[in-house]
There are 2 protein chains.
Amino acid sequence: MLNLVPNKPLNVSDILLHMRRVHAGQQVVSVGADGTIHHTSYENVTDRVAQLANALKGLGVQVGDCLSTLAWNDQRHLEIYFAVPGLGAICHTVNPRLFSEQLAYILKDANSQWLFVDPMFVPLITPLLGGLPALKGIIVLGGASQLDPAWAALGNGIQWYDYESLLSGHARQFDWPVLDENTPCGCCYTSGTTGDPKGVLYSHRSTVLHSLAIALPDSAGLSATDSALIVVPMFHVNAWGLPYSGAMVGAKMVLPGRFMGDGAMLAKLIAQEQVTLAAGVPTVLQAWVNHQSTPVDNDLRVIVGGAACTESLRAGLEALGCEVRPAWGMTETSPIGTVNRAGTDEHRLSPGQAVFGVELRIIDDQGQPLAHDGEQSGELQIRGPWIVSGYIGKPGAEAFNEDGWFSTGDIARLYPDGYMHITDRAKDLIKSGGEWISSLALEEIASRHQEVTTAAVIAMPHPQWDERPLLLVVVKDPQNVDEQTLLDWFDGKVAKWWKPDAVRFVDALPLTATGKIDKKKLRSLYTESD
Amino acid sequence: MLNLVPNKPLNVSDILLHMRRVHAGQQVVSVGADGTIHHTSYENVTDRVAQLANALKGLGVQVGDCLSTLAWNDQRHLEIYFAVPGLGAICHTVNPRLFSEQLAYILKDANSQWLFVDPMFVPLITPLLGGLPALKGIIVLGGASQLDPAWAALGNGIQWYDYESLLSGHARQFDWPVLDENTPCGCCYTSGTTGDPKGVLYSHRSTVLHSLAIALPDSAGLSATDSALIVVPMFHVNAWGLPYSGAMVGAKMVLPGRFMGDGAMLAKLIAQEQVTLAAGVPTVLQAWVNHQSTPVDNDLRVIVGGAACTESLRAGLEALGCEVRPAWGMTETSPIGTVNRAGTDEHRLSPGQAVFGVELRIIDDQGQPLAHDGEQSGELQIRGPWIVSGYIGKPGAEAFNEDGWFSTGDIARLYPDGYMHITDRAKDLIKSGGEWISSLALEEIASRHQEVTTAAVIAMPHPQWDERPLLLVVVKDPQNVDEQTLLDWFDGKVAKWWKPDAVRFVDALPLTATGKIDKKKLRSLYTESD
Ligand SMILES: Nc1ncnc2c1ncn2[C@@H]1O[C@H](COP(=O)(O)OP(=O)(O)OP(=O)(O)O)[C@@H](O)[C@H]1O
Ligand SMILES: Nc1ncnc2c1ncn2[C@@H]1O[C@H](COP(=O)(O)OP(=O)(O)OP(=O)(O)O)[C@@H](O)[C@H]1O
Ligand SMILES: [Mg+2]
Ligand SMILES: [Mg+2]
């Protein structure tokens, strides 16, 4: 009977073909390096995707090849998102804010053969060329004028192209191969917040399923009537899958280019492009909130993910008239895991409930599942059809068990109504006198003090208690608040022994390449040992 | 690298487990045979699904077995929808309105081993028992009091059970097997509008994918905040997949039992249960519109499918404050194919655009694809991951081609903006003097006449022209309109030679088991040859 049931494989090119057949007239808005806003259609984008695929085929790109990008959220990056997987190759997005050694490590680890690079990132890459023997060529994301002939001499035989010349003259049609749906189509590395970035692979199947899950009404609720501002970088977990999901449903896509952290540009785009959905990490959304003084005109849903949504951010967004949807995910989870669409007061800052497809559980130190009673907390595990089952090169294999569960490294509580609360990261917990203190809980309390802009808590080594919490804060005006006031602020809010031992006032907290607070850096700055 | 990509199979039991973990408190509302409205929770339903699975396992049900249902839209039917596929068996829903010979044919063709039957349908089945050698047992959908001991003597060794006694005492937990996702999980037969019903099989994979597609914002837009009234029968293409999709997203499910055609009951449920989504065929929705005199209180989206949405139905629904979403699908397409969420005036009655996943094209008589220019029309073909690839027993194999295209038998136009218009069914076209006349177009015009309630056009054999159109109408008051008036109504609206030759005034039009106008019956009543 198996020959009678439906059996068409899921391919990323299905999204591309659907965009073209059903939503050819929809818009893609892309901000250039100089801040000008360009408008084009899905029709034009899909034409150019075909041209790019023809060009890459001409360069000899094969199924399974890895093609990397160092690029902003813009139209060309979107085209690469479809052309590379469409060919059966792997679209590997690299975070340009990484340190040079990390960049080199990642490109090598992923066995990158071609690199698409924004003109402004060329200087990041030229020093590394000697160490990338697999690399065949570099495609600069611009026109002929952005290609410096001198570059050709830099690598040992590495070819340089400019994107527009590469495309020009190629046919606007491509006969997309039907691929085994388990073929890898994308690759991302984790943020490196707790250790070295680790590479994960997505498949055509997982990408299509994840796109469907993202678009569901209780996830992002994406539709053809949306104008979706993709603030989260396309080099960070495929911009949470929004380029694929948005294209799948025919949404207008608004890509802020290199201005994704620029409050003024975001405000402008939101108004001009009548944005109805925006998605980003807390630090970046805070930049927009700080800039936007009057409520938005249109209905605007905001997905807040990548780190905890604080009360001040939620309240700030709500004051602007936004519907706030906190969410949780990881590079290893494509990333969607949970979304909070309709949480009651108790769950106001919760990243929500599992979306259909993913299963969550929490386990104790012995690996035993704990009750979902809203009280017990334990390490969060997840499984499902878009949860990866290993890292490239197999580090961290212990995080993946044979039943398909992946250990997230996050500490969480699960509630009977399906909501999750993240209480900490395993690596950020502070062990004091044999008991755990949650740095996340202390940060949340500190950030509720009206003088505090941002807060981070790290563990300080302690001779008697092993570790004790240290609070680092950025405050509005150091004149208005002192260490004792901030320490007293914890009284009655936590057990006495949870109270930080000391406060350090800092001008800014270091951020990771994805805009999260860099605790690894903080620990190396403020403690003797990491 | 294939071992690194996500690889969890899609199983119907994933929906069940998700219902329980995340939406245990959500409601299922079910109307009993006596019209009383019962409320229960997903928690209770999922408990009972596990009990049923344990009971069926105890009866020896195996992966691949076919279990049939003759049941209304109610809680027990919903439980069967999950327990049977969860075990790896096939849930085969049978339309109780079929003629007795069709019933016998379908149960035999599907190789049914167990039959769940509503008490009121037992008389339909008892005469057939001798002809069903594969049938092992019958489970009457009720308590012990609804089981007549005399029935045990009827079949040759067929066991009789009542549903509630069968469940009672069984554990509320079941360790659902992880199945190959291509395992069949469901089976439906086509409506038999144009010929004998043909059996199609759905798989776990196709059912999960279809459920995701149904829930998308531009399809039904199903969410946990919805109260979904499932008017379309659960014996008709799995109630368009709404029981699975609704459970997947945690929607409140409202099941009208045997009252799905009862305008008063529908009105009551819509008001009391604050229904936000309703889905049904035009004839049944019309019954509700006729009954409901004042606009509905809450936002209500209405999916109209299974047959063309007429202007009078659309206008009637809109006058009640509903958002109308015409849709198109077939048993062979799970059924979702297209939905019209936001069509402009030109597309007001169009069943919409392809949902992501399905691909549409139209072909000419030579099988050549035609342009999607909104002008040419041809036979509609469809392919995608929830389009079946053959019928049980392999009749009609010519409808399935090797590239995955299925020929629908519908005649359509496709527009550059992705919209589809169904112009006719191949079998309903009238061939007059070598040229085609669309019966659907003539019906649409007739139904716009203010005195006309329903209209059907069929081909009458004609010595000179081969076939000529005959119009059959139900009118509000035969005193107010005569044949000539109705014929004149076509002047200026169609080419002269399209005008029907004659009108027959009838009290009612025969409906098929699914509530569509039965043209096969009409043809046999009004013409010599079928
Ligand atoms: N809503 C949220 N609330 C709290 N933490 C979140 C939320 N969303 C994401 N996170 C954190 O982000 C992590 C996933 O981030 P990502 O995959 O970008 O890399 P990383 O875990 O920061 O880096 P690395 O794994 O290399 O240390 C989660 O494990 C979690 O700790
Ligand atoms: N929106 C619509 N507009 C016009 N026709 C529709 C619409 N939706 C469904 N249909 C008709 O219903 C058909 C599918 O119905 P279904 O699968 O229930 O069985 P059937 O085709 O009526 O019966 P059989 O195939 O046995 O003759 C479509 O092929 C189409 O003709
Ligand atoms: Mg991580
Ligand atoms: Mg049919």
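All chains are named by letter (A, B, ...) in the order of the sequence lines, taking the proteins before the strands, and each is independently numbered beginning at 1.
With a 6.0 Å radius and a threshold of 12 heavy atoms from other residues, nucleotides or ligands, Asp299(B) has its CG atom at or below the threshold. Sparse packing is recorded around CD of Gln173(A), with 12 or fewer heavy atoms of other residues, nucleotides or ligands lying under 6.0 Å away. More than 12 heavy atoms of other residues, nucleotides or ligands sit less than 6.0 Å from atom CG of Asp373(B).
For Phe356(B), the ring pair (Phe, Tyr, Trp, His ring centres under 6.0 Å) test picks out His18(A), with sequence neighbours left out.
Residues Leu10(A) and Leu209(B) form a side-chain contact, since some pair of their non-hydrogen atoms from C-beta on lies under 4.5 Å apart.
Your options are Met19(B), Lys8(B), Gln353(B), and the one with the most heavy-atom pairs under 4.5 Å with chain A is Lys8(B). Comparing Ala24(A), Ala224(A), Ser219(A) by heavy-atom pairs within less than 4.5 Å of chain B, the highest count is held by Ala224(A). Annotation: maximal heavy-atom pairing with chain A below 4.5 Å, among Ala342(B), Gly404(B), Gly384(B), Gly25(B), occurs at Gly384(B). For chain A, the option among Val249(B), Leu222(B), Val355(B), Asp218(B) with the highest count of heavy-atom pairs below 4.5 Å is Asp218(B).
Using a 4.5 Å cut-off between heavy atoms, Asp14(B) contacts chain A through both its backbone and its side chain. Contact annotation for Val200(B): neither backbone nor side-chain heavy atoms come within less than 4.5 Å of a heavy atom of chain A. There is no contact between Leu414(B) and chain A, counting heavy-atom distances below 4.5 Å. Residue Val178(B) does not touch chain A at all, counting heavy-atom pairs closer than 4.5 Å. Proximity to chain A (any heavy atom under 4.5 Å) is shown, for Leu17(B), by neither the backbone nor the side chain. For a residue to count as touching a neighbouring chain, one of its non-hydrogen atoms must lie under 4.5 Å from one of that chain's; by this rule Leu212(B) touches chain A with backbone and side chain alike. For a residue to count as touching a neighbouring chain, one of its non-hydrogen atoms must lie under 4.5 Å from one of that chain's; by this rule Tyr391(B) touches chain A with the backbone only. The contact between Glu181(B) and chain A is made entirely by side chain atoms (from C-beta outward), counting heavy-atom distances below 4.5 Å.
Across all their heavy atoms, Ile387(A) and Pro6(B) have their closest contact at O-CB, 3.4 Å. Here the closest non-hydrogen pair linking Val358(B) and Arg21(A) is O-NH2, 3.9 Å. Closest heavy-atom contact between Leu4(A) and Leu201(B): CD1-CD1, 4.0 Å.
Separation of atoms CZ (Arg341(B)) and OG1 (Thr225(A)) is listed at 4.5 Å; rounding is to 0.5 Å. To the nearest 0.5 Å, the span separating CG on Asn7(B) from CZ on Arg205(A) amounts to 8.0 Å.
Ser223(A) places no side-chain N or O within 3.5 Å of a backbone atom of Pro217(B) that could act as its donor or acceptor partner. Between the side chain of Ser203(A) and the backbone N or O of Val5(B), no donor-acceptor pair lies under 3.5 Å.
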